[in-house]
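Have a look at the structure below, then the notes.
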There are 2 protein chains.
Amino acid sequence: MESFYEQCKANNLKITPQRVAVFKALTSSLSHPSADQIHRELKKEFPNISLDTVNRTLLTFAKADMIDVVEGHGDPRRFDPNQEAHHHFYCISCRGIFDFHDSAVDNISVSPELEKRFTITGKRLCLSGYCDNCRSSQ
Amino acid sequence: MESFYEQCKANNLKITPQRVAVFKALTSSLSHPSADQIHRELKKEFPNISLDTVNRTLLTFAKADMIDVVEGHGDPRRFDPNQEAHHHFYCISCRGIFDFHDSAVDNISVSPELEKRFTITGKRLCLSGYCDNCRSSQ
DNA sequence: TTGACAAATAGGATTGAATCCTATTTAATC
DNA sequence: GATTAAATAGGATTCAATCCTATTTGTCAA
């Protein structure tokens with residue numbers, strides 16, 4: 001929490017009870033909650049806190065690079081006809097998702113402890129950045 | 001398209017002009033479109049096709065394992081307070097997203113051609129499956 | 001080929017996530 | 001403590017996704 005105050009100052013963000021509560025709720029969760037989940041949690045302590053405030057606060061933190069939005073989540077559903085093993089590149093600018101193939105990546109193996117901790121049925125490398133079109137038109 | 005008809009038969013899906021058109025539109029796109037994008041595209045040829053039909057058709061194909069839904073997309077936005085290098089495991093059952101650390105995975109390098117094709121700013125391994133809680137409660 | 005029927009579609013209604021709008025409140029600074 | 005720009009509450013709005021139901025259409029068997 002030390003660095004929370006520092007990061008707020010560094011980004012000219014006022015320290016409000018709502019922001020402190022949102023940050024605490026997020027960092028104390030292990031499952032990467034949605035704005036709605038955090039809102040329901042915080043209602044117990046702040047019955048009047050609005051969902052908009054929770055959502056806006058989280059986006060404010062994200063813009064200040066204090067937290068991240070989990071890849072993909074929050075965007076409209078997208079469909080993929082490619083049934084072969086492949087991976088995804090997501091263009092931050094045009095929002096296109098492009099496949100790439102890489103057998104070295106296909107053969108990545110994760111640690112045995114992780115295999116014990118979870119039953120893994122899907123595995124995909126998700127890259128993000130700028131596609132050729134978007135970087136050249138800037 | 002051969003295998004499209006076969007797959008439909010194998011899954012007892014009637015072959016309708018709408019389904020054929022949706023499948024063609026999806027497979028001829030390179031950017032993994034949304035239902036809305038496909039719907040706008042198909043309106044040119046089928047002015048009366050409904051968005052619900054497009055969306056339902058795509059979900060039907062996905063349920064029959066003919067296509068996939070791109071990871072994360074379509075779910076509510078989720079937030080991640082972890083600023084260290086890490087990767088994600090997504091539980092299909094409880095929808096929790098859990099971090100894991102794996103330095104071997106951190107150091108994955110993709111092919112030089114890919115580095116040329118895109119400007120890569122983010123890299124993350126996305127696993128999916130069942131978390132410990134969910135697999136034991138089944 | 002036709003008839004019967006279960007399945008699929010159109011399109012309007014509804015739900016749910018996210019955002020916008022604006023009056024009110026509040027943190028920061030002097 | 002007063003000032004001011006920023007933040008909040010909560011109702012309204014937008015947009016994606018889904019539901020509902022009357023109508024249409026593939027499929028299969030006669």
Side-chain angles (χ1 to χ4, degrees), chain A residues 4-23 25-26 32-64 66-70 72-79 95 97, chain B residues 4-26 32-64 66-67 69-70 72-79 95 97:
Chain A
F4 170 73
Y5 294 103
E6 286 167 21
Q7 287 181 292
C8 284
K9 290 218 165 157
N11 289 285
N12 286 317
L13 299 181
K14 290 184 179 173
I15 296 173
T16 67
Q18 292 90 336
R19 282 180 174 166
V20 173
V22 167
F23 191 82
L26 177 61
H32 301 349
S34 64
D36 186 61
Q37 286 172 319
I38 292 180
H39 179 240
R40 277 201 299 275
E41 181 64 27
L42 292 184
K43 275 236 158 192
K44 298 172 191 168
E45 195 186 348
F46 298 86
N48 286 335
I49 196 168
S50 77
L51 173 59
D52 190 27
T53 293
V54 173
N55 192 54
R56 190 170 15 75
T57 297
L58 289 161
L59 291 176
T60 300
F61 291 161
K63 189 172 277 184
M66 297 164 64
I67 66 173
D68 285 302
V69 175
V70 177
H73 293 254
D75 290 332
R77 196 190 280 132
R78 307 276 288 269
F79 298 92
R95 315 212 137 194
I97 297 170
Chain B
F4 170 72
Y5 294 102
E6 287 166 20
Q7 286 181 292
C8 283
K9 290 218 165 154
N11 289 286
N12 286 318
L13 300 181
K14 291 183 179 172
I15 295 174
T16 68
Q18 291 91 337
R19 281 179 175 167
V20 173
V22 167
F23 191 82
K24 276 189 187 166
L26 177 62
H32 301 350
S34 64
D36 186 60
Q37 287 172 319
I38 292 180
H39 179 240
R40 278 200 299 274
E41 181 64 27
L42 293 184
K43 275 235 155 190
K44 299 171 191 169
E45 194 186 347
F46 298 83
N48 286 335
I49 195 168
S50 77
L51 173 60
D52 191 26
T53 294
V54 173
N55 192 54
R56 190 170 16 73
T57 297
L58 289 162
L59 291 175
T60 300
F61 291 161
K63 190 172 279 184
M66 296 164 64
I67 66 173
V69 175
V70 177
H73 293 255
D75 290 333
R77 193 190 283 130
R78 307 276 287 269
F79 297 91
R95 314 212 136 193
I97 297 170

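Below, chain A is the first sequence line, B the second, and so on; all start at residue 1. Please read all numbers here as calculations on a predicted model, not as lab measurements.
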Completion exercise
With sugar-phosphate taken as primed atoms, P, OP1 and OP2 and all else as base, the protein-contact string of nucleotides 20-30 of chain D at under 4.0 Å (heavy atoms; B, S, -) is B-----BS---
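- Atom CG in B:Leu59 sits about 15 Å away from atom C1' in C:dT9, given to the nearest Å.
- The phosphate of C:dA10 (OP1 or OP2) has a side-chain N or O of B:Ser50 nearer than 4.0 angstrom.
- Per the geometry, CG belonging to B:Asp75 stands 10 Å off P belonging to C:dA18, to the nearest Å.
- Checked against salt bridge (charged side-chain N to carboxylate O under 4.0 Å, His left out), A:Asp68 has no partners two or more places apart in sequence or in another chain.
- Shown here are the ring pair (Phe, Tyr, Trp, His ring centres under 6.0 Å) partners of A:His39, two or more places apart in sequence or in another chain: there are none.
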Got a list of side-chain donor-acceptor pairs under 3.5 Å for residues 5-18 of chain B, not counting sequence neighbours?
unit_1	atom_1	unit_2	atom_2	d
B:Asn11	ND2	B:Gln7	O	2.8
B:Thr16	OG1	B:Arg19	N	3.1

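- Within the 4.5 Å cutoff, side-chain heavy atoms of A:Arg78 are placed close to those of A:Arg95.
- Note that OG1 of A:Thr57 and CE of A:Met66 are 10.5 Å apart. Values are rounded to the nearest 0.5 Å.
- In this structure, A:Phe79 atom CZ and D:dA17 atom C1' are separated by 10 Å, rounded to whole Å.
- Nearest approach of A:Leu42 to A:Ala25, heavy atoms of both residues: CD2-CB, 4.0 Å.
- Taking atom CG of residue B:Leu51 and atom P of nucleotide C:dA10, one finds them 11 Å apart after rounding to whole Å.
- The separation between B:Phe46 atom CZ and C:dT9 atom P is 11 Å, rounded to whole Å.
- Qualifying ring pair (Phe, Tyr, Trp, His ring centres under 6.0 Å) partners for B:Phe79, counting only residues two or more places apart in sequence or in other chains: none.
- Qualifying side chain to side chain donor-acceptor pair (under 3.5 Å) partners for A:Thr60, counting only residues two or more places apart in sequence or in other chains: none.
- One axis for each end of the helix from C:dT1-D:dA30 to C:dC30-D:dG1, each built from five base pairs, and the angle between them comes to 40° at 10° resolution.
- Straight-line distance from the CZ atom of A:Arg19 to the C1' atom of D:dT8: 10 Å, rounded to whole Å.
- Of the two residues contacting DNA chain C, namely B:Pro47 and B:Asn12, the nearest-nucleotide position lying further toward the 5' end is that of B:Asn12.
- B:Asn55 pairs by the side chain to side chain donor-acceptor pair (under 3.5 Å) definition with A:Arg77, not counting sequence neighbours.
- Rounded to a whole Å, the CG atom of A:Asn55 is 18 Å from the P atom of D:dG11.
- Residues from residues 32-44 of chain B placing a heavy atom under 4.0 Å of any atom in DNA chain C do not occur.
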Exercise for the section: Could you go through the side chain to side chain contact (heavy atoms under 4.5 Å, CB included) check for A:Val22 and A:Phe61 one step at a time? Expected result: CA-CA 10 Å; A:Val22 167; A:Phe61 291 161; 4.2 Å; yes
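- Per the geometry, CZ belonging to A:Arg77 stands 19 Å off P belonging to D:dC15, to the nearest Å.
- Across all strands shown, A:Ile49 has heavy atoms under 4.0 Å from sugar-phosphate atoms exclusively, and none from any base.
- Partners of A:Asp52 by side chain to side chain donor-acceptor pair (under 3.5 Å), not counting sequence neighbours: none found.
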